[in-house]
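Just below is one structure, and these are the notes that go with it.
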Amino acid sequence: MGINYFFDSKFKNLTNIMIHFLQKIFITLTLLTLTQKIYAQNLTISEPINVFNAESYALSAKINDRFLFFYWHAELLTVNALDNNLRNIWQKEINIEKKYEVKILDVIPNKISFNVIARMRKRNYTYIKVLKFDGQAKLLDSTTVCSWKESLNESETELFISDDKRVVVALNPNYYNENITCAFSLDSLRPIWKVKWKSKNPDFDDRKQQWLVTNDGKTFLFTDENSPSKKARQFDVLQFNTNQTVSDFKINTGEIIANNTLFNFDNKNKKLIAVGCYSNKNNGHNNGTFYLSIPENNTIQAHWQITPFTDEFVTSYIGKKVTDNKGVDDLKVQRIINRSDGGVVALIEKTRITERTTDGSNNTNTIIRNGHTYDFYCDNLFSLSLDSLGTKEWSQVYVKHQVSQDDDARFSSFFIMRSPTSLRLIFNEDVERNTNVYEYVIKNGGEVDRHVVLNTEAKDIYLRIRDAVQFASNEILIPSEGNKNVKLVKISW
C-alpha cells in the first residue's frame, strides 16, 4: 500500500529534503546488505603532491615499473615517479625551452616513454614541438612537427588524439583567416599532414562540433546542423586526408531530429560510427536512439538503424510506470566502445546543468557566465549493445544520482574499466569526501552485478573517478584533489 503526500508550494523545499533523506536511508540499507562482501581487494593512497601553481596535470600507467605523475606551468614540467606502493621515488623538473615563449599543451605517456607537446612562439612564428623522454625523464628526441607565421585573431591551440594515442592533430583556429591544422606521429615524431582551410563556423562551438582522429591520421570534423527549424537536417563533415587534401560530405538524418550524437571510428573494421538520441518532434524529448555506420572509403553508403524507447524501457529508466510514453529528457551519449565483431556498446547518461540566479529563480543554461552558481547533475545511465548492423541486442539501466556545484562535474559521472569478459562501470555515490564507491559489473551477455568497491570515510580523498587510468585488467589509478594537492589512489580487485 503506497503513502500519498499532499502539499502546496510553500512546503515544496521541505518535501524535497524529506525525499532526499529517505533516499539516503534506502541507499544506506542497501549498503549494509552489500558491504558483507567488498570487491576491492586492495586500496593504496599516495602522499599528497603539491600542485599549487600547476595549469594542468596528467598521470600515466606504469613505465618501467613506475607510475609517473606530471604537472606543469608555462615551460616548467615536474615529473614524480612512484613505486607500486605509491611511494615517491624521485622528482625532476624539466625546463622545456628558455629561448621561446612556451606553453605546454599536453603530456601523453605510453608503456616505455612519454611525449611532451608544447607550443612555442618566437619572432612572429608559432611552432609545435614534441619532446620524447624515457621512463627516467631523460630526453630522447626533440622535433618541431608543425610551424606557421602568426596572424591576428589567433585562438588557443587545441589538440585531438587518436584512440591508440599515437597520432595527434593540432588545430590553430583563426576567426577571420585560414585555420592551420596539422597531424603528426608520436612514434616517429614526424608530420603526417598539414593544411590551411576556412571554416563556415569559425566559433568552433563544442556543443555542435566534434573532431575525430583515426589511428592512421585521417581526421573528421562533424558539424551538427540538426536544427528543428531547418528543413534539411544533417551533419556537415570535413575530412582531412593523409595526402594533404580536404574533402567534404553530408549525412542527412531524414525525418528525425538527431540529439547528442557521438561519433567514433572503428579502426579494426574501418568504418565510421555514430550513436545518438533522436526526437520525432520539436518538443525536447528523446524518443529513442539511432545507430549510423559509414564505410571508410564509401561515404555515401550510410546505414541507419532506429531503436525507439519502449514503455518498458522508460518505466525502468525513470523508476515509475509509464502510461503516456513521451520519451526521456537530458540524455547524452558519453562513450562508444567498439567490439571486435563490429558491434558496439554505447553508454548514455542523463546530464543537465541548472543556473541559480541572484534573484533565487532557476533556469537551465549550458553556457557558463561569471557571477552565477551552477548545479551539475549526472544521473541514471544505460548501456545499449548493438550488433554490427546496429540492431539492439540488450540494454540495461544503472541507477545513480550525482549533483555538484561549480565544478564542471569533474568529480561526477563514471569510469569504464575493461577486461576480456566484462566492463566495470565505476562511480561515486555522492560528490563529497565521505562517500561510497560502487561498481556495476556488466558481463558480455548484459547480465549485471552491483557491488560496493570501497567507502572513502576517514581516508581524506576526493576522487575524480572519470579521469582514472587503467593499467591492468584488475587495477586502476584515480586522482584525488584537495587543498592544492593531488593524491593518487590505486584500487586493485
Side-chain angles (χ1 to χ4, degrees), residues 163 207 210-212 214 220 222 224 226 235 251 253 256-279 285-294 302-310 312-314 316-318 327-352 378-400 409 412-419 421-427 439-448 465-466 470:
D163 187 58
R207 293 169 298 168
Q210 295 177 47
W211 289 82
L212 179 62
T214 70
F220 300 90
F222 304 94
D224 188 348
N226 274 272
F235 294 95
I251 304 173
T253 62
I256 67 170
I257 302 171
N259 302 321
N260 302 303
T261 306
L262 182 63
F263 287 90
N264 193 6
F265 191 80
D266 185 339
N267 288 281
K268 179 181 179 180
N269 297 289
K270 300 298 180 184
K271 61 180 180 178
L272 189 64
I273 292 171
V275 176
C277 299
Y278 72 87
S279 299
H285 300 300
N286 296 297
N287 301 113
T289 61
F290 69 85
Y291 167 90
L292 165 69
S293 66
I294 303 175
H303 171 75
W304 289 85
Q305 182 68 43
I306 304 296
T307 305
F309 289 148
T310 63
E312 291 78 12
F313 170 80
V314 177
S316 173
Y317 190 81
I318 67 176
V328 182
D329 298 336
D330 302 319
L331 294 179
K332 182 178 181 180
V333 183
Q334 298 283 29
R335 286 286 305 274
I336 298 175
I337 300 171
N338 295 321
R339 302 190 324 217
S340 59
D341 62 358
V344 299
V345 175
L347 291 161
I348 304 172
E349 187 176 29
K350 183 178 178 68
T351 66
R352 63 189 176 97
C378 296
D379 293 331
N380 292 355
L381 64 148
F382 68 94
S383 59
L384 183 63
S385 179
L386 306 171
D387 67 16
S388 59
L389 296 177
T391 304
K392 176 182 173 181
E393 297 174 326
W394 51 263
S395 180
Q396 287 285 352
V397 174
Y398 313 107
V399 177
K400 70 180 184 69
S412 302
S413 202
F414 62 92
F415 177 76
I416 284 292
M417 184 175 175
R418 304 175 64 172
S419 75
T421 58
S422 66
L423 299 173
R424 292 182 185 270
L425 193 158
I426 303 166
F427 64 98
E439 67 172 357
Y440 286 103
V441 181
I442 310 167
K443 300 177 182 177
N444 284 338
E447 300 87 358
V448 178
I465 291 180
R466 75 178 191 183
Q470 181 177 352

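Salt bridge D266/K268: absent, no basic N to carboxylate O contact under 4.0 Å. The existence of a salt bridge linking E349 and K332 is excluded, since no basic side-chain nitrogen approaches an acidic carboxylate oxygen closer than 4.0 Å.
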Could you give me the CA-CA distance, side-chain angles and deciding distance for L331 and Y317, then say whether side chain to side chain contact (heavy atoms under 4.5 Å, CB included) is met? CA-CA 11 Å; L331 294 179; Y317 190 81; 3.5 Å; yes
Intermediate values then yes/no, side chain to side chain contact (heavy atoms under 4.5 Å, CB included), N287 and F309: CA-CA 6 Å; N287 301 113; F309 289 148; 5.6 Å; no
Show your working on side chain to side chain contact (heavy atoms under 4.5 Å, CB included) between H285 and D329 and close with a plain yes or no. CA-CA 5 Å; H285 300 300; D329 298 336; 2.5 Å; yes
Walk me through it: do F290 and W304 pass the test ring pair (Phe, Tyr, Trp, His ring centres under 6.0 Å)? CA-CA 7 Å; F290 69 85; W304 289 85; 5.3 Å; yes
Pair I273-V344, side chain to side chain contact (heavy atoms under 4.5 Å, CB included): steps then yes or no: CA-CA 9 Å; I273 292 171; V344 299; 3.8 Å; yes
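Residues I416 and R424 fail the side-chain proximity criterion, which asks for heavy atoms closer than 4.5 Å. Taking the side chain as every heavy atom from C-beta outward, L425 and L347 approach each other to under 4.5 Å. Inter-residue side-chain proximity for W394 and L386 is flagged as unmet; no heavy-atom pair is nearer than 4.5 Å. No side-chain heavy atom of N380 sits less than 4.5 Å from a side-chain heavy atom of Y398. Taking the side chain as every heavy atom from C-beta outward, I294 and I251 approach each other to under 4.5 Å. Taking 4.5 Å as the limit, every side-chain heavy atom of Y278 sits out of range of all side-chain heavy atoms of T261. When side chains are defined from C-beta on, V345 does not count as touching L384, because their heavy atoms never get closer than 4.5 Å. Using a 4.5 Å heavy-atom threshold, the side chains of Q334 and T351 count as touching.
For F313 and F382, the ring centers are positioned less than 6.0 Å apart. The distance between the ring centers of F222 and F263 falls below 6.0 angstrom. Ring centroid separation for the pair W211 and F220 does not come in under the 6.0 Å cut-off. Proximity of the aromatic rings of Y440 and F427 is defined here by a centroid distance below 6.0 angstrom, and this criterion is met.
Formation of a donor-acceptor pair under 3.5 Å by the Q470 side chain with backbone atoms of R418 is found in this model. At least one donor-acceptor pair under 3.5 Å links the side chain of H303 to the backbone N or O of L389. Without hydrogens or angle criteria, K271 side chain to G342 main chain gives a donor-acceptor distance under 3.5 Å. Remark: the backbone N or O of A409 is paired with a side-chain donor or acceptor of R466 at under 3.5 angstrom. The backbone N or O of R352 sits nowhere less than 3.5 Å from a side-chain atom of D330 that would complete a donor-acceptor pair. Remark: the backbone N or O of D224 is not paired with any side-chain donor or acceptor of Q210 at under 3.5 angstrom. Although no hydrogens or angles enter the test, the distance criterion places a donor-acceptor pair under 3.5 Å between the side chain of K400 and the main chain of C378.
Taking each heavy atom of S388 and D341 in turn, the nearest pair found is CB-O, 3.8 Å. Between V314 and G327 the shortest heavy-atom distance is CG1-O, 4.1 Å.
Between the side chains of R339 and S385, a donor-acceptor pair is found at a separation under 3.5 Å. Residues N338 and N264 have side chains that bring a donor and an acceptor to within less than 3.5 angstrom of each other. Between the side chains of S422 and N444, no donor-acceptor pair of N or O atoms lies under 3.5 Å.
Residue T289 forms a side-chain contact (heavy atoms from CB on, under 4.5 Å) with just one option from I306, N259, T307, N260, and that option is T307.
Rounded to the nearest 0.5 angstrom, S340 OG and N269 CG are separated by 8.0 Å. Atoms CD1 and CD1, on I465 and I426 in that order, are 7.5 Å from each other to the nearest 0.5 Å. Once rounded to the nearest 0.5 Å, the distance linking CD of Q305 with NZ of K392 reads 11.5 Å.
Atom NZ of K443 is surrounded by 12 or fewer heavy atoms from other residues, nucleotides or ligands within 6.0 Å.
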